[in-house]
Amino acid sequence: MKTVKKHILFIAVSTLVITGCSRKKNSFITRNFHAVTTEYNALFNGYNALEQGRKTLNDAYRDNYWEILPIERMQVSEELFMPGESKNPSFNTAEEKAVKAIQKHGMNIQGKEYNPQIDEAYLLLGKARYFDQRFVPALEAFNYILYKYPASSNINQARIWREKTNLRLENNELAIKNIKTLIEQVELKGQDLADATSTMAQAYINTQSLDSALAQIKIAANATKKRNEEGRYYFIEGQLYNALKDKDSANLAFDKVIDLNRKIPRKYLISAHVEKAKNFDYNKGNKLEFIEYLTDLEEDRENRPFLDQIYHQVAQYHSNQNSDSLAIEYYNKSLRTNSQDKILMARNYEILGDMSFDNNNYKVAGAYFDSTMTKMVKNSKPYRIIKRKRENLDDVIYYEGIAEVNDSIIRLVNMSNPERQAYFDDYVAKLKLAKEAEAERLAIEKQKAGLAQNNAGKNPGNIVNPKNGNTNTSSFYFYNDQTVAYGKNEFQRIWGDRENQDEWRWSDGSRNTKSETGSNTDLASTEGDKFLDSNFYLEQIPSDKKVIDSISKERNFAYYQLGLIYKEKFKEYDLAKSKFTKVLKNNPEERLILPSKYNLFKINEILENTADAEILKNDIITNYPESRYAQILSNPETALAKDDSSPESIYEDTYRQFEAQEFEAVIKKCELYASTFEGDAIVPKFQLLKAFAQGRLQGFNAYKKALNDVAVNYANTEEGVQAQSIIDKSLKGLEKSEFQDDASATKCKVVYQFASSETEEMNAFKKTLDETLFEANYNNMSTSIDVYDKDKTFLVVHGLRSIETAKAFNALFTQELREKIERPYFGISTNNYRIIQIHKNLQVYTTNL
């Protein structure tokens with residue numbers, strides 16, 4: 001009987017469950033079954049996945065504390081995904097759970113939803129899409145709640161999340177308008193108020209309305225119940241006050257962050273301390289208290305992960321106090337923390353570079369600027385600024401390197417043989433010591449590795465505790481026979497047999513025996529190692545007078561260029577003076593003497609060294625009376641007035657010759673006047689004009705080489721920059737020397753060839769050809785004279801539309817006109833004509849005709 005009752009009860013319950021699961025039946029059991037299943041199954045798992053995904057986002061996100069923090073920690077990626085793909089599998093899981101809840105537990109009967117958890121499912125769906133950065137589908141989910149569930153308890157959250165999504169879609173004004181409407185219509189409290197006002201604050205920040213953003217972030221900070229958000233909002237409040245130049249209010253906001261102490265992530269706490277340090281008033285503040293404050297931060301063990309920021313602020317303090325050595329020490333300490341903050345690293349490098357630059361250590365400054373660029377976003381504005389600053393040092397570093405190397409060579413040349421021998425003996429001795437120290441270090445490391453390997457294995461049976469005779473696991477070196485034997489073998493392998501005496505490494509009694517491997521490894525011996533033999537270096541010292549003279553000339557020119565750079569570009573007059581003085585002391589070429597003296601005169605005038613300036617002035621007027629410099633010094637007003645003999649007038653005349661295609665004459669004149677006006681600002685102009693003329697007359701390779709010379713030798717001038725720009729941007733497009741197929745060309749030319757000496761004959765033929773074209777009514781055609789090289793000139797007819805027409809050019813005229821212009825010619829496309837003019841490869845083209 002009892003068994004029968006149990007079966008009946010089981011059947012009844014099963015029937016109730018089955019009928020209760022129907023999504024189309026509105027009953028108490030059905031509603032509650034689907035609501036409970038939705039809440040504690042699909043939504044529970046979905047929200048767990050959502051939180052896991054958010055945690056992954058937060059862990060991967062790196063805040064940039066150099067800018068106003070975003071309200072929400074989420075990095076929007078520009079990476080594109082195919083439909084159905086997800087950036088984060090946790091968000092994909094959350095979305096699947098939300099969809100499952102809607103599809104399997106939704107009770108939409110005659111247009112009305114009876115499952116009270118479905119609006120929560122749509123909210124989860126929107127959030128999952130939002131964090132997966134699919135903002136348009138997320139917006140659809142939030143709008144669906146607003147449209148279908150206006151009485152939902154989640155309606156305010158849906159409206160807020162819709163505006164957060166609008167922010168991501170850059171609809172900032174719409175978001176502000178909608179949240180204002182929400183706040184006016186509903187009395188929000190607690191987390192809803194915090195979410196709404198923080199979202200509106202972000203919209204105001206995006207639109208640069210910082211005053212309005214400040215008012216909203218304050219409300220959000222006071223309303224939120226989440227400590228992490230509270231600390232972040234107070235920190236953003238401080239940043240906004242700083243952006244509005246109100247440091248006192250900013251510090252009060254940062255104090256609120258500090259007061260939260262362990263209730264918030266320590267990153268916010270330390271960053272608040274750092275921002276307060278940045279706001280310190282060095283004119284009115286108590287500096288002793290301030291440095292104690294920074295020292296306390298530095299010495300707090302909990303702050304070790306943030307020492308990069310703290311060291312930077314300590315360095316800033318010492319830099320402000322003009323304690324450069326301490327500042328440099330702390331900037332380097334900040335760098336050695338291997339900080340993940342690339343902006344901080346870049347600033348450290350840049351500041352150290354600027355300090356080196358200010359100390360005239362340009363080579364070191366260049367290295368620091370190189371490091372700065374590795375920590376910056378390429379092609380960003382700050383990157384381009386540093387790049388220009390670094391490029392300005394290229395010529396200084398280049399010439400300083402030449403001067404340093406050549407000076408050292410000349411010093412060695414001027415030494416006596418015993419002095420050279422003593423110098424390199426000492427140098428080689430230092431190399432030996434360094435090599436032996438390195439070998440000893442490697443031996444110790446290998447020995448330690450052997451010990452570790454022995455200790456990692458089983459305890460050998462011969463390891464005995466000397467106190468009780470018991471076998472134990474002691475790793476003390478001398479208790480282990482294996483490691484002792486290993487050590488002895490290693491010593492003999494490295495050092496050979498040595499007497500037990502002082503300074504055994506330098507012992508002459510070493511027998512240089514071979515180790516068990518049979519190789520001679522006595523590192524004290526330099527046999528077979530050329531770098532440890534002083535004779536190797538002595539043989540490198542030049543003895544040929546021509547070579548020595550060439551090194552001296554190169555060194556003097558480098559000093560001269562450095563003098564110009566320091567004087568004209570960096571306004572470092574003392575440095576420039578020392579360089580020009582070195583030029584004059586080192587038996588320079590004649591062409592460098594006068595401009596060096598004139599530049600020294602100008603520097604002494606600037607430095608108000610009247611006596612030295614007067615001596616140099618008299619020297620130039622007396623010893624170089626015919627020079628332009630003497631004329632300037634004797635009668636400045638007359639000499640500086642522009643006349644036919646001024647560099648500017650000469651350059652203009654030369655340029656007119658260039659336009660007239662007198663390229664060979666232009667090259668000769670540029671060489672002459674570049675030497676005549678050495679040291680004058682006009683010289684780079686002549687050199688660049690010469691490069692252009694060489695390109696037109698001699699072709700691509702000569703042009704490229706000449707441009708490189710200008711870019712290197714006059715890098716600090718406008719012409720040098722222009723030459724480098726042409727190299728970077730234009731030369732690549734001119735490199736191609738392969739001819740194209742003329743058959744498809746729509747622009748062609750006819751070319752007549754003349755020897756360069758046949759000027760009169762060519763001009764007469766041009767006149768006849770122009771008259772012929774006019775009589776034939778070919779007004780679309782024109783002629784020009786183009787120099788090809790120093791021996792050949794072209795008379796060119798332009799305006800032909802096909803290569804066939806160009807090749808049959810004479811056939812376009814009547815017999816009478818044709819006889820007037822009877823002369824050999826060839827047709828060519830405009831593109832190929834350009835190639836033969838650039839690369840001077842006419843013979844290659846005509847061979848293939």
Side-chain angles (χ1 to χ4, degrees), residues 54 57-58 60-78 123 126-127 129-136 138-139 141-143 146 156-184 186 188-244 246 249-250 253-254 256-257 264-265 267-268 271-272 275:
R54 289 188 68 173
L57 277 182
N58 283 332
Y61 185 76
R62 293 287 179 270
D63 278 314
N64 178 9
Y65 287 86
W66 299 94
E67 297 177 356
I68 296 174
L69 296 183
I71 299 297
E72 191 172 50
R73 286 170 55 85
M74 186 173 83
Q75 181 66 48
V76 177
S77 172
E78 295 182 1
L123 188 63
K127 289 180 179 180
R129 290 172 173 176
Y130 174 88
F131 287 115
D132 206 32
Q133 300 180 25
R134 292 184 292 120
F135 301 118
V136 173
L139 195 63
F142 298 132
N143 278 328
L146 301 178
N156 292 336
Q157 277 290 305
R159 293 176 73 175
I160 292 167
W161 278 90
R162 180 185 67 176
E163 303 322 318
K164 290 175 73 169
T165 309
N166 274 324
L167 290 186
R168 297 296 181 182
L169 295 172
E170 299 183 2
N171 299 323
N172 296 297
E173 290 78 7
L174 177 61
I176 293 170
K177 177 184 175 183
N178 289 340
I179 294 178
K180 279 184 176 180
T181 303
L182 172 62
I183 293 173
E184 289 171 0
V186 181
L188 298 176
K189 295 181 180 179
Q191 196 59 44
D192 283 350
L193 178 61
D195 291 344
T197 51
S198 63
T199 302
M200 188 150 55
Q202 184 65 68
Y204 280 128
I205 291 171
N206 293 347
T207 56
Q208 297 301 308
S209 303
L210 301 187
D211 284 328
S212 301
L214 190 57
Q216 298 303 319
I217 203 68
K218 285 181 180 181
I219 298 172
N222 291 323
T224 184
K225 302 302 180 184
K226 301 176 182 178
R227 291 297 191 184
N228 285 5
E229 286 186 0
E230 185 180 3
R232 189 176 185 87
Y233 294 165
Y234 279 136
F235 188 84
I236 294 171
E237 180 186 339
Q239 289 184 309
L240 290 170
Y241 273 123
N242 270 338
L244 295 169
D246 188 349
S249 298
F254 293 131
K256 294 177 186 176
V257 179
I264 59 173
K267 181 66 175 175
Y268 294 148
S271 297
E275 292 300 322

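Heavy atoms only: backbone and side chains are in, while hydrogens, waters and symmetry mates are out. For clarity, every value in this text was computed on a predicted model and none was experimentally measured.
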Query raised in the report: Considering all heavy atoms of both residues, which atom of Glu163 and which atom of Leu174 are nearest to each other, and what is their separation?
Result: OE1-O, 4.0 Å

Query raised in the report: Considering all heavy atoms of both residues, which atom of Thr197 and which atom of Ala194 are nearest to each other, and what is their separation?
Result: OG1-O, 3.3 Å

Report summary line: Sorted by chain and number, sequence neighbours left out, side-chain hydrogen bond (donor to acceptor under 3.5 Å, both in side chains) with Glu230 holds for Arg227

Query raised in the report: Are Leu57 and Arg73 close enough that some pair of their side-chain heavy atoms sits under 4.5 Å apart?
Result: no

Query raised in the report: Excluding sequence neighbours, so at least two apart, what forms side-chain hydrogen bond (donor to acceptor under 3.5 Å, both in side chains) with Lys218?
Result: Tyr241

Report summary line: Shortest non-hydrogen pair, Ala201 vs Ala213, comes out as O-CB, 3.6 Å

Query raised in the report: Taking only residues two or more places apart in sequence or in another chain, which ones pass ring-ring contact (aromatic ring centres under 6.0 Å, His included) with Tyr65?
Result: Phe235

Report summary line: Taken in chain and number order and not counting sequence neighbours, the residues that satisfy side chain to side chain contact (heavy atoms under 4.5 Å, CB included) with Ala215 are none

Report summary line: In short, Gln239 meets Ile68 closest at the heavy-atom pair OE1-CA, 3.4 Å

**Report entry** Contacts of Arg62 that satisfy side chain to side chain contact (heavy atoms under 4.5 Å, CB included) - sequence neighbours left out
**Finding:** none

Requested in this report: Report yes if the side chains of Tyr233 and Ile71 come closer than 4.5 Å at any heavy-atom pair, otherwise no.
Outcome: yes

Query raised in the report: Looking at residues at least two apart in the chain, or sitting in another chain, which of them share a side chain to side chain contact (heavy atoms under 4.5 Å, CB included) with Asn64?
Result: Trp66, Glu67, Ile343

Query raised in the report: Do any N or O atoms from the side chain of Glu237 and from the backbone of Ala253 form a donor-acceptor pair under 3.5 angstrom?
Result: no

**Report entry** Spacing of CD1 belonging to Ile176 relative to CD belonging to Gln202, to within rounding of 0.5 Å
**Finding:** 10.5 Å

Query - Qualifying residue for side chain to side chain contact (heavy atoms under 4.5 Å, CB included) with Asn156, from Leu188, Leu193, Asp195 - result: Leu188

Query raised in the report: Does Leu146 reach the side chain of Asn143, with side-chain heavy atoms less than 4.5 Å apart?
Result: yes

Query raised in the report: Rounded to the nearest 0.5 Å, how far apart are CD of Gln133 and CZ of Phe135?
Result: 5.0 Å

Query raised in the report: Between Gln191 and Gln157, does a side-chain contact (heavy atoms from CB on, under 4.5 Å) hold up when you go through it step by step?
Result: CA-CA 10 Å; Gln191 196 59 44; Gln157 277 290 305; 5.5 Å; no

Query - Sequence-distant partners of Arg168, salt bridge (charged side-chain N to carboxylate O under 4.0 Å, His left out), two or more places apart - result: Glu72

Query raised in the report: Of all residues at least two apart in sequence or in a different chain, which pass the ring-ring contact (aromatic ring centres under 6.0 Å, His included) check with Tyr234?
Result: none

Report summary line: Here the pair of heavy atoms bringing Ile264 nearest to Asn228 is CA-OD1, 4.3 Å

Requested in this report: Measure the CD-CD1 distance between Gln216 and Ile179 for me, rounded to the nearest 0.5 Å.
Outcome: 8.5 Å

Query raised in the report: At their closest point, which heavy atom of Val257 faces which heavy atom of Tyr268, and how far apart are they?
Result: CG1-O, 3.6 Å

Query raised in the report: For Ala138, which residues count as a side chain to side chain contact (heavy atoms under 4.5 Å, CB included) partner, sequence neighbours excluded?
Result: Arg129, Tyr130, Phe142, Thr165

Query raised in the report: With sequence neighbours left out, what residues match Glu275 under side-chain hydrogen bond (donor to acceptor under 3.5 Å, both in side chains)?
Result: Lys278

Query - Reported CG-to-CG distance for the pair Leu214 and Leu240, which is rounded to 0.5 angstrom - result: 5.5 Å

Query raised in the report: Does the side chain of Phe254 reach to within under 4.5 Å of the side chain of Lys256, using non-hydrogen atoms?
Result: no

Report summary line: Contacts of Lys127 meeting side-chain hydrogen bond (donor to acceptor under 3.5 Å, both in side chains) (sequence neighbours excluded), chain-then-number -> none

Report task. With rounding to the nearest 0.5 Å, note down the distance linking OG1 in Thr207 to CG in Leu167. Result -> 9.5 Å

Query raised in the report: Thinking salt bridges, do Arg232 and Asp63 make one under a 4.0 Å N-O criterion?
Result: yes

Query - Pair listing, salt bridge (charged side-chain N to carboxylate O under 4.0 Å, His left out) test, anchored in residues 169-182, at least two apart - result: none

